[in-house]
Amino acid sequence: MNFVEELRWRGMLQDIMPGTEELLSKEQVTAYLGIDPTADSLHIGHLCGVMILRHFQRCGHKPLALIGGATGMIGDPSGKSAERNLLNEETLRHNQECIKKQLAKFLDFESDVPNRAELVNNYDWMKDFTFLDFAREVGKHITVNYMMAKDSVKRRLNGEARDGLSFTEFTYQLLQGYDFLHLYETKGCKLQMGGSDQWGNITTGAELVRRTNGGEVFALTCPLITKADGGKFGKTESGNIWLDPRYTSPYKFYQFWLNVSDSDAERYIKIFTSIEKEEIEALIAEHQAAPHLRLLQKRLAKEVTVMVHSEEDYNAAVDASNILFGNATSDALRKLDEDTLLAVFEGVPQFEISRDALAEGVKAVDLFVDNAAVFASKGEMRKLVQGGGVSLNKEKLAAFDQVITTADLLDEKYLLVQRGKKNYYLLTAK
């Protein structure tokens with residue numbers, strides 16, 4: 001499998017240094033890609049880079065995932081208009097361990113194969129590097145003129161940022177450049193990969209290697225992922241889509257991919273899955289013949305949810321989706337954990353009801369008209385119940401004056417009322 005060709009057809013290649021393809025064709029290459037450790041979870045904005053490392057290892061090469069512990073303490077000015085918060089070592093170490101667990105779902109860190117993946121942290125080789133040593137051993141090799149010519153620096157100095165550029169951030173490209181030099185000397189690393197906004201930092205590293213010991217190293221970048229409408233990929237109204245289920249439930253994660261546009265689905269299925277070219281082309285053709293079936297979105301959502309979470313989480317997410325959009329049973333509803341239940345019914349009208357009243361038993365007509373305004377009047381509710389148009393917890397309500405008690409609660413807390421096919425109401429007992 002040809003790594004560069006694989007990236008090219010998947011739309012994952014932006015810039016490539018001359019000679020990179022030749023290097024990859026003649027030997028097993030060690031390459032690194034940096035990951036920002038500012039949180040204890042990756043989000044889907046990291047996924048393109050992670051998939052590049054995955055393809056790299058599948059092609060027989062050795063990937064290094066570099067956690068930017070030292071650089072994370074400073075903040076990269078590339079693509080940023082303001083400085084970031086600085087992290088302490090304890091937080092960085094915690095974040096590193098959490099990120100490694102997530103990366104282990106994509107990369108082989110454990111086997112004895114020669115191209116086993118490794119996790120490295122630049123804090124380990126920067127923490128004892130004194131400022132004087134850094135100035136002598138690194139700073140003297142790269143001129144200020146060279147550093148000022150980088151787009152990431154020019155943009156910040158030309159007034160795009162209100163606060164300009166601090167010396168700390170200005171030195172960032174030297175720090176990242178030294179990573180490349182260190183990994184070249186200690187791990188034989190000859191290739192750095194990253195997003196296209198990193199090209200300036202990456203080429204500074206290649207220049208530093210050349211000027212310090214005459215070594216030749218290479219670089220390639222992937223395009224920054226956007227939505228077809230130009231919007232920012234991976235962001236929703238509620239923030240990032242995280243890989244950690246504590247921050248984004250598997251149901252919400254699945255729904256994100258399921259709801260992408262047709263044109264985005266065509267691009268994303270190449271970037272965020274390992275499905276082979278012929279199968280993807282067949283899927284795209286099938287989707288274009290019947291776009292209303294959303295085959296691409298369904299396959300994309302399945303592949304990414306299983307890869308990041310598990311087959312079990314994917315099946316649970318599908319079941320949860322069917323509760324809202326399909327003909328799910330009360331058994332399926334009762335299997336939902338509280339977080340998923342709330343995620344599924346986020347945005348539906350919600351009411352609080354008295355747990356004490358439920359403990360004594362309340363007629364449905366009183367509960368859904370007087371206690372919670374699900375129906376405008378008792379007459380309206382009676383009519384709908386007689387026509388079989390009212391359900392409680394996905395079971396048809398037998399009578400409008402049926403007595404409801406705490407035994408009916410889901411998770412000992414919720415009642416789900418359905419009026420007609422599409423109108424849901426969530427009642428919370430307090």
Does the ring of Phe109 carry Lys100 above it, NZ/CZ under 6.0 angstrom from centre and within 45° of its axis? yes

Arg294 side chain to Leu258 main-chain N or O, any donor-acceptor pair under 3.5 Å? yes

Can you check side-chain contact (heavy atoms from CB on, under 4.5 Å) on Leu367 and Leu415, steps first, answer last? CA-CA 11 Å; Leu367 188 62; Leu415 294 174; 3.8 Å; yes

In Å, rounded to the nearest 0.5 Å, how long is the span from CH2 of Trp257 to OG1 of Thr273? 10.0 Å

Would you call Leu333 and Leu341 a side-chain contact if the rule is heavy atoms closer than 4.5 Å? yes

With rounding to the nearest 0.5 angstrom, report the CD1 to CG distance, Ile404 to Asn393. 8.5 Å

Verdict with reasoning, Thr30 to Lys190, per side-chain contact (heavy atoms from CB on, under 4.5 Å): CA-CA 6 Å; Thr30 298; Lys190 294 183 183 178; over 6 Å; no

Within-4.5 Å side-chain heavy-atom neighbours: Leu66 and Ile35: no

Using modelled atom types only, decide if a donor and an acceptor are shared between the side chain of Arg10 and the backbone of Lys270 within a distance under 3.5 Å. yes

Under 3.5 Å side-chain donor-acceptor pair for Tyr414 and Glu338: yes

Minimum heavy-atom separation for Pro250 to Thr305, with atom names? O-CG2, 4.4 Å

Charged N-O contact under 4.0 Å between Arg246 and Asp40: yes

Taking the six-membered ring of Phe272, is NZ or CZ of Arg267 closer than 6.0 Å to its centre and within 45° of its axis? no

Hey, is the main chain of Met147 close enough, under 3.5 Å, to the side chain of Gln173 for a donor-acceptor pair? yes

Intermediate values then yes/no, side-chain contact (heavy atoms from CB on, under 4.5 Å), Thr248 and Ile44: CA-CA 11 Å; Thr248 301; Ile44 60 173; over 6 Å; no

Could you tell me whether the side chains of Thr203 and Lys150 share a donor-acceptor contact shorter than 3.5 Å? yes

Counting only heavy atoms not in Glu27 (residues, nucleotides, ligands), do more than 12 fall under 6.0 Å from its CD? yes

Does the side chain of Tyr254 reach to within under 4.5 Å of the side chain of Asp313, using non-hydrogen atoms? no

Okay, side chain of His46, backbone of His43: is any donor-acceptor separation there less than 3.5 Å? yes

Work out which heavy atom in Ala117 is nearest to a heavy atom in Leu107; give both atom names and the distance. CB-CB, 4.0 Å

Should Glu207 and Arg211 be marked as a salt bridge (charged side-chain N to carboxylate O under 4.0 Å, His left out) after you check the CA-CA gap, both sets of side-chain angles, and the distance that decides it? CA-CA 6 Å; Glu207 186 67 9; Arg211 292 187 186 186; 2.7 Å; yes

Side chain Asn122, main chain Gln176, donor-acceptor under 3.5 Å: no

State, yes or no, whether a side-chain contact exists between Leu296 and Tyr268 at a heavy-atom distance under 4.5 Å. no

Side-chain heavy atoms of Pro37 within contact of Gln96, under 4.5 Å: no

Which pair of heavy atoms, one from Met17 and one from Ala206, lies closest together, and at what distance? CE-CB, 4.0 Å

Counting neighbours of NZ on Lys101 that are heavy atoms of other residues, nucleotides or ligands and sit closer than 6.0 Å, is the number greater than 12? no

Provide the full list of salt bridge (charged side-chain N to carboxylate O under 4.0 Å, His left out) pairs with a residue in residues 274-283, sequence neighbours left out, each pair given once. Arg58-Glu276, Glu279-Arg299

Where the side chain of Asn259 meets the backbone of Ser261, is there a donor-acceptor pair that is under 3.5 Å apart? no

Write out all pairs satisfying salt bridge (charged side-chain N to carboxylate O under 4.0 Å, His left out) with one or both partners inside residues 111-136, taking only residues at least two apart or from two chains. Lys62-Glu118, Arg93-Asp124, Glu118-Lys187

Given the rule in the ring pair (Phe, Tyr, Trp, His ring centres under 6.0 Å) test, do Phe253 and His309 qualify, once you have shown the distances and angles that lead to the verdict? CA-CA 9 Å; Phe253 186 86; His309 295 291; 5.0 Å; yes

Quick one about Glu89 and Tyr123 (side-chain donor to acceptor, distance below 3.5 Å, no hydrogens or angles considered), yes or no? yes

Look up atom CZ in Phe129 and atom NE2 in His182, then write down how far apart they are to the nearest 0.5 Å. 10.0 Å

I'd like to know if the side chain of Ser196 and the backbone of Pro223 have a donor-acceptor N/O pair within less than 3.5 Å. no

How about Tyr32 and Phe180: are their ring centroids closer than 6.0 Å? yes

Exercise: identify the closest heavy-atom pair between Gln297 and Asp262: NE2-OD1, 2.8 Å

Give, for atom CZ of Phe3 and atom NE2 of His55, the distance between the pair rounded to the nearest 0.5 Å. 8.0 Å

Residues Ile142 and Thr204: closest non-hydrogen pair is CD1-O, 4.3 Å

Has Gln418 got a side-chain atom pairing as donor or acceptor with Lys421's backbone, closer than 3.5 angstrom? yes

Would you say the side-chain atoms of Ser41 pair up with the backbone N or O of Asp244, donor to acceptor, closer than 3.5 Å? yes

Taking side chain as C-beta onward, heavy atoms only, is Leu175 less than 4.5 Å from Phe134? yes

Which atoms form the tightest heavy-atom contact between Trp199 and Ala219, and what is the distance? CZ3-CB, 3.9 Å

Is there a donor-acceptor contact under 3.5 Å linking the side chains of Gln350 and Thr428? no

Gln57 and Asn115: side chain donor to acceptor below 3.5 Å: no

Would you call Lys252-Glu346 a salt bridge at under 4.0 Å N-O? yes

Verify whether one side chain among Thr38 and Asp36 offers a donor that lies under 3.5 Å from an acceptor in the other. yes

Which value, rounded to the nearest 0.5 Å, describes the distance between Ile271 atom CD1 and Asp264 atom CG? 9.5 Å

Is there a side-chain contact between Phe368 and Arg419 (heavy atoms, below 4.5 Å)? no

With a 4.5 Å cut-off on side-chain heavy atoms, are Val417 and Tyr424 touching? no

Backbone of Val29 reached by a side-chain donor or acceptor of His61 within 3.5 Å: yes

Go through the side-chain N and O atoms of Ser274 and Arg54 and say whether any donor and acceptor fall under 3.5 Å apart. yes

Where do Met1 and Cys59 land on the side-chain contact (heavy atoms from CB on, under 4.5 Å) test, with the steps shown first? CA-CA 5 Å; Met1 201 160 96; Cys59 290; 3.4 Å; yes

Side-chain H-bond candidate by donor/acceptor type, Thr221 with Asp15, under 3.5 Å: yes

Which distance, rounded to the nearest 0.5 Å, do you find between the SG of Cys189 and the CG of Leu191? 7.0 Å

Ignoring hydrogens and angles, state whether a donor on the side chain of Asn201 or Gln192 is under 3.5 Å from an acceptor on the partner side chain. no

